[in-house]
Number of protein chains: 2
Amino acid sequence: MDKTAFLSQAEQHCLRLGNRLTALRRQVLELVLGYPGVVKAYQVLADLQKERGVAAPPTVYRALDFLVENGLLHRVEALNGFIVCEHFDCPHEGLILVCARCGGVTELDATGPMAALRDASAAAGFAVAPQNLVLTGTCQSCQA
Amino acid sequence: MDKTAFLSQAEQHCLRLGNRLTALRRQVLELVLGYPGVVKAYQVLADLQKERGVAAPPTVYRALDFLVENGLLHRVEALNGFIVCEHFDCPHEGLILVCARCGGVTELDATGPMAALRDASAAAGFAVAPQNLVLTGTCQSCQA
DNA sequence: CTGGTGATGTTATAGGATAACATTCAACTC
DNA sequence: GAGTTGAATGTTATCCTATAACATCACCAG
């Protein structure tokens, strides 16, 4: 999907959820989209400052939080970062694989394995919330 | 296992790995042990300052890192915290369940479900490293 | 117009982690 | 026992991440 199409679909998606993809939020999403993998809040902040002169942390954090809440981004806690979710319109649980060597990131669907984890947790009386999983390891090209 | 026994077993465990559980490291481990669940680095730092007057962040971070490397603690990244590993002497992959309501933490063995995740990842050419999994949700007593 | 609501701007600060360098300590060799 | 070496710890400073608190603005409904 190209960038323009992604953005307009994202906008529709937010509308369906009763939220507005404002100019600022759109701009932040676009910036994150410009990175191949995980990007940090302060990197986005720096980019935003280049584009509009001034910007403070809360501005970018609010936009990022909004995008996460609307499913357009995943927050990668282990890395203090954010990554675009390519398939925000179908409900899913992502499996985010982070390469410890190159820092690259792959996203898989984890609905199946998540069910197994949910079962194991339910046996202990714990109700697992919908969420993404982050695993570290080594990606294909770094295994050489 | 009581505290004293745990500490002396921990010491033996480190020795087997060729490392030393020094007085400082032991003291930090003891402090973490004093908490029922997850504890933050700066909380440990504050405790350490109470006990020995002065202490700087690197002191406690170095000790915590050492304890994690030797399997005595788990790092809970989603919470910026640390938690004691009760069974450091048998190799395992932990499943750490964090209650979003009360902050309580439970640790389960996740060797089975982890294998499923590893398979799914291997299909994408990604080699998952041994690690613990952190999931958020709601614990039994908070589900009422 | 006016009041209300959601979004954004602004300032300040809290909280988490590490770099870089100095010093001390334990163990080993000679 | 003196010297040497490497690990561990002390010390200072700083960077990165995140949010609280309050001010302002834009928009729409009545």
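Computed over heavy atoms, backbone and side chain alike; hydrogens, waters and symmetry mates excluded. Note on naming: letters A, B, ... go to the chains in the order of the sequence lines (proteins, then strands), and numbering restarts at 1 for each one.
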Which class fits the ring pair A:H13 and A:F88: parallel under 30°, tilted 30 to 60°, perpendicular over 60°?
tilted
Find the distance [X]:[atom1] to [N]:[atom2] and express it as a whole number of Å.
| X | N | atom1 | atom2 | value |
| --- | --- | --- | --- | --- |
| B:L21 | D:dA8 | CG | C1' | 13 Å |
| B:N70 | D:dA7 | CG | P | 15 Å |
| B:Q27 | D:dT9 | CD | P | 11 Å |
| A:L45 | C:dT10 | CG | P | 13 Å |
| A:L24 | D:dA26 | CG | P | 14 Å |
| B:R52 | D:dA8 | CZ | C1' | 12 Å |
| B:E77 | C:dA17 | CD | P | 9 Å |
| A:L64 | D:dT17 | CG | P | 12 Å |

Confirm from the modelled atom types if A:R62 and C:dG9 form a donor-acceptor pair under 3.5 Å, side chain to base only.
yes
Short side-chain N/O contact to [N] OP1/OP2 from [X], under 4.0 Å:
| X | N | result |
| --- | --- | --- |
| A:K40 | D:dC16 | no |
| B:T22 | D:dT9 | yes |
| A:T59 | C:dT8 | no |
| A:Y61 | D:dA18 | yes |

Quick check with a 6.0 Å cut-off and a 45 degree axis cone: is B:R25 positioned over the face of B:F66's six-membered ring?
yes
Got a donor-acceptor contact below 3.5 angstrom from the B:S121 side chain to the B:L117 backbone?
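A pair under 3.5 Å: yes.
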Strictly distance-based, threshold 3.5 Å: is any side-chain N or O of A:K40 a donor or acceptor partner for the main-chain N or O of A:L79?
yes
Give the minimum heavy-atom separation between B:C139 and A:F126, together with the two atoms involved.
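Closest approach of B:C139 to A:F126, heavy atoms only: CA-CD1, 3.6 Å.
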If you check every side-chain atom of B:R20, which of D:dA18, D:dA8, D:dT11 has the closest atom?
D:dA8
Between A:N80 and B:A63, name the one whose nearest nucleotide on DNA chain D is closer to the 5' end.
B:A63
Verify the stacking flag for A:Y42 against D:dT17: centroid separation must be under 5.5 angstrom and the ring planes must differ by under 30 degrees.
yes
Sugar-phosphate, base or nothing in reach of B:R75, heavy atoms under 4.0 Å
sugar-phosphate
